[in-house]
Number of protein chains: 2
Amino acid sequence: MAERKRADARRNERTLLDAAAEAFVTSGVHVPVREVAARAGVGVGTIYRHFPTRADLIVAVYRHQVEACAEAGPTLLATGLSPHAALARWIDMFVDFLVTKHGLAEALQGDATFASLHAYFLDRLVPVCGQLLAAAAEAGEIVSDMDPLTLMRGVGNLCVGADSPGYDARRMVALVVAGLRIDRV
Amino acid sequence: MAERKRADARRNERTLLDAAAEAFVTSGVHVPVREVAARAGVGVGTIYRHFPTRADLIVAVYRHQVEACAEAGPTLLATGLSPHAALARWIDMFVDFLVTKHGLAEALQGDATFASLHAYFLDRLVPVCGQLLAAAAEAGEIVSDMDPLTLMRGVGNLCVGADSPGYDARRMVALVVAGLRIDRV
DNA sequence: AACCATACGGAACCGTGTTCCGTTTACCAA
DNA sequence: TTGGTAAACGGAACACGGTTCCGTATGGTT
């Protein structure tokens, strides 16, 4: 039995996702709920009926891209690149994703209000990261005791404020990736 | 001409600093202003008269420790340690400082409300970090093009959520420090 | 003792996430 | 076509945290 929703409800959900995506691009992920509602031409109540919390709205908007990122892990491993190179590429993808979504890295942090966002990203991506780490460790290219959760959270943290002048998040991530190599002290 | 303040004002400033320090320890840096006021037995207006913004209160509470950290840089360089080791120790000190102050790393981030906090930390510590980096680069131990501002902000970012289970901020910082070494790929 | 600049307390204000509830509407059945 | 009803809606109201404002109290000085 498929969930039968009223036509207006389905329409509004669509409209809201579009409006939110647009608002996130122009004003960043921190755009007030009221503004998304206004942009979509609905009341705030409607947003909360469809998305119980701000975080759920954000998750819904970015779900596709998170899935794509998750699926890219195995794909990269299968390309014949060295596992360490595959890991580096995959992390690059993740960083690209975060730094191009203004405010997303910030929202990804512990903040209790974004708990479900945090949880979704980690649930989906940590296992993939774990595969890549394991493959690279197996190949003897990197240290064998790196925890994927720590790595994902660390990389996410490094992307906070990635757009502010004078801070180069990618450089920091590159240091981390270099630091994983086993031939270092 | 020394700034002549009324006795009650001086007394309250003291009381407020003590109350804030205590509150930060027990409830974290994010403790509401009203709670600090209540703990000090004063009204919120009094806090704002002494510290124009939350960030200024935080700066005042931690000023001593930031100064100590800043002064430790040259000291470490003078101890005869290799510059890279001195840099590593200094970063450890900074990390210790951040992770033991619940919520401080979070507050240190771009958040506009904490602008003065952010500015104070960076103004004071980036030059010190620059000295250590330069010495290590000069000695040929690390890459020569690392920007101290990026490094400080990155390390600060890595300390966000340092107390949450499953995340190991120190490990991430260690990767960064390892990644700086010049003998790596 | 009187005066007044300084300092105080805390109510009020603003912005933002979230909840609540009276009203509207899509859908189905008669 | 017309009701009837459960689903959905809009937006006022609430919670909460930072900050401002202003009438009141008081330390210090004359």
| field | Side-chain N,O (A/N12) to OP1/OP2 (D/dC9) below 4.0 Å | value | yes
| message | With a cut-off of less than 4.0 Å, is there a side-chain N or O of B/T46 near OP1 or OP2 of C/dA7? | response | no
| A/H30 side-chain N/O to C/dG17 phosphate OP1/OP2 under 4.0 Å | no
| For the pair made of CZ in B/F51 and P in C/dA7, what is the distance, rounded to whole Å? | 13 Å
| query | Tell me, which pairs form a salt bridge (Lys or Arg N to Asp or Glu O under 4.0 Å) where one or both residues lie in residues 35-61 of chain A, sequence neighbours left out? | reply | A/E22-A/R39
| salt bridge (Lys or Arg N to Asp or Glu O under 4.0 Å) contacts in which one or both residues fall within residues 70-87 of chain A, not counting sequence neighbours | none
| request: Would you kindly give the CD-to-P distance between B/E35 and D/dG17, to the nearest whole Å? | output: 9 Å
| task | Just grab all the salt bridge (Lys or Arg N to Asp or Glu O under 4.0 Å) pairs involving residues 101-121 of chain B, residues at least two apart or on different chains. | result | none
| query | Nearest-Å distance, NE2 (B/H50) to C1' (D/dT19)? | reply | 16 Å
| message | Could you tell me how far apart A/L16 (CG) and D/dC9 (P) are, to the nearest whole angstrom? | response | 8 Å
| task | Taking atom CZ of A/R124 as the centre, report whether more than 12 heavy atoms of other residues, nucleotides or ligands fall under 6.0 Å from it. | result | yes
| note | Sequence neighbours excluded, the answer for side chain to side chain donor-acceptor pair (under 3.5 Å) partners of A/R34 is none
| remark: Scoring nucleotides 18-30 of chain C by protein non-hydrogen atoms under 4.0 Å (B base, S sugar-phosphate only, - none) yields BB-----BSSS--
| message | Suppose we screen for side chain to side chain donor-acceptor pair (under 3.5 Å). Which residues come up paired with A/T150, at least two apart in sequence or across chains? | response | A/D147
| note | Separation of C/dG17 atom P from A/I47 atom CD1, nearest Å, is 10 Å
